[in-house]
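Written below as structure tokens is the structure these notes are about.
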Amino acid sequence: MYIQFREVNPFDVWIWLRFSTIPSARERQYVEEVFNSWFYLGKLGAFNAENLQVQDTGLDISYMNYDEQGYDKSLLALMHNMGEFEYEGEWGRCWFDLGTSDAIALDILINALTQLSEEYVTIEELYIGGENEDWPIEENENNSYSMYDN
């Protein structure tokens, strides 16, 4: 899967996928479940890089002391909004307001999409941000398609 970052405004970003073929209904469902799950985690503050206590501990986490106040000590990292997933031929796209979520969110999404592409639906290309010349974004299109509002 080819991955490219284009111009990214975290409060107004489109994520684009090019599949190897026109995705079937089941393949679309897989893709949308990944994005919906990712968004829900982000909306709940899961992508807060300031509170990665387990990751920062290393491999040996047996009997680690977890600071229950760690989340409260960090800045909120919440995703704000997500549009509906759209398809056109071999392409799919979805709009997000990533809010204050940290960049680790995109790493986790890319990891998930890489595995999804290996096992369920082949994704040839992934673009974070920007716009496809042959599928333009209409002005304020993101607002009219918003599924959630935070």
Closest non-hydrogen atom pair, [X] against [Y]:
X      : Y      : answer
Glu124 : Thr122 : OE2-CG2, 3.6 Å
Cys94  : Gly83  : SG-O, 3.3 Å
Val13  : Pro10  : CG1-O, 4.3 Å
Glu131 : Pro136 : OE2-CA, 2.9 Å
Arg6   : Gly129 : NE-O, 3.0 Å
Pro23  : Arg28  : O-NE, 3.5 Å

Strictly by side-chain hydrogen bond (donor to acceptor under 3.5 Å, both in side chains), give each pair with a member in residues 103-118 just once, sequence neighbours left out. Gln115-Glu119
Could you go through the side chain to side chain contact (heavy atoms under 4.5 Å, CB included) check for Ile15 and Leu109 one step at a time? CA-CA 11 Å; Ile15 297 177; Leu109 176 65; 3.8 Å; yes
Main chain of Ala105, side chain of Trp38: is a donor-acceptor contact present, judged purely on distance under 3.5 Å? yes
Any donor and acceptor pair, going by atom type alone, linking the side chain of Thr100 with main-chain N or O of Leu78 inside 3.5 Å? yes
With sequence neighbours left out, what residues match Phe5 under side-chain contact (heavy atoms from CB on, under 4.5 Å)? Ile3, Val8, Leu106, Ile110, Ile128
Once side-chain contact (heavy atoms from CB on, under 4.5 Å) is applied, do any residues pair with Asp134, and if so which ones, sequence neighbours excluded?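 If we apply the side-chain contact (heavy atoms from CB on, under 4.5 Å) test to Asp134, skipping adjacent residues, the hits are Asn132.
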With rounding to the nearest 0.5 angstrom, report the [atom1] to [atom2] distance, [X] to [Y].
X      : Y     : atom1 : atom2 : answer
Trp91  : Leu17 : CH2   : CG    : 8.5 Å
Trp14  : Glu7  : CH2   : CD    : 15.5 Å
Thr21  : Glu90 : OG1   : CD    : 7.0 Å
Asn9   : Asp97 : CG    : CG    : 8.5 Å
Leu116 : Met1  : CG    : CE    : 8.5 Å

Parallel, tilted or perpendicular: rings of Phe35 and Phe96 (30°, 60°):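 Plane angle under 30°, so parallel.
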Could you check whether the rings of His80 and Phe11 sit parallel, tilted or perpendicular, using 30° and 60° as the cut-offs? tilted
For Glu88, enumerate each residue passing the side chain to side chain donor-acceptor pair (under 3.5 Å) test, keeping only those at least two apart in sequence or located in another chain.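 Once residues adjacent in sequence are excluded, the partners of Glu88 under the side chain to side chain donor-acceptor pair (under 3.5 Å) criterion are Trp135.
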Which residues satisfy the ring-ring contact (aromatic ring centres under 6.0 Å, His included) test with Tyr87, sequence neighbours excluded? Phe85
Under 4.5 Å between side-chain heavy atoms, hopping through other hydrophobics if needed: is there a path connecting [X] to [Y]?
X      : Y     : value
Met82  : Tyr40 : yes
Tyr120 : Val31 : yes
Tyr71  : Tyr66 : no

Does the side chain to side chain contact (heavy atoms under 4.5 Å, CB included) test come out yes or no for Phe39 and Leu98, once each step is laid out? CA-CA 9 Å; Phe39 174 72; Leu98 301 177; over 6 Å; no
Single hit among Glu32, Glu33, Arg26 for side-chain hydrogen bond (donor to acceptor under 3.5 Å, both in side chains) with Gln29: Glu33
Taking atom CG of Asn65 as the centre, report whether more than 12 heavy atoms of other residues, nucleotides or ligands fall under 6.0 Å from it. no
Anything under 3.5 Å between a donor and an acceptor, one on a side chain of residues 46-53, the other on a protein residue two or more places apart or in another chain? List them.
residue: Asn48; atom: OD1; partner: Glu50; partner atom: N; Å: 2.9
residue: Asn48; atom: ND2; partner: Ser74; partner atom: OG; Å: 2.7
residue: Asn48; atom: ND2; partner: Leu75; partner atom: O; Å: 3.2
residue: Asn51; atom: OD1; partner: Gln53; partner atom: NE2; Å: 2.7
residue: Gln53; atom: OE1; partner: Asp67; partner atom: N; Å: 2.8
residue: Gln53; atom: NE2; partner: Asp67; partner atom: O; Å: 3.0

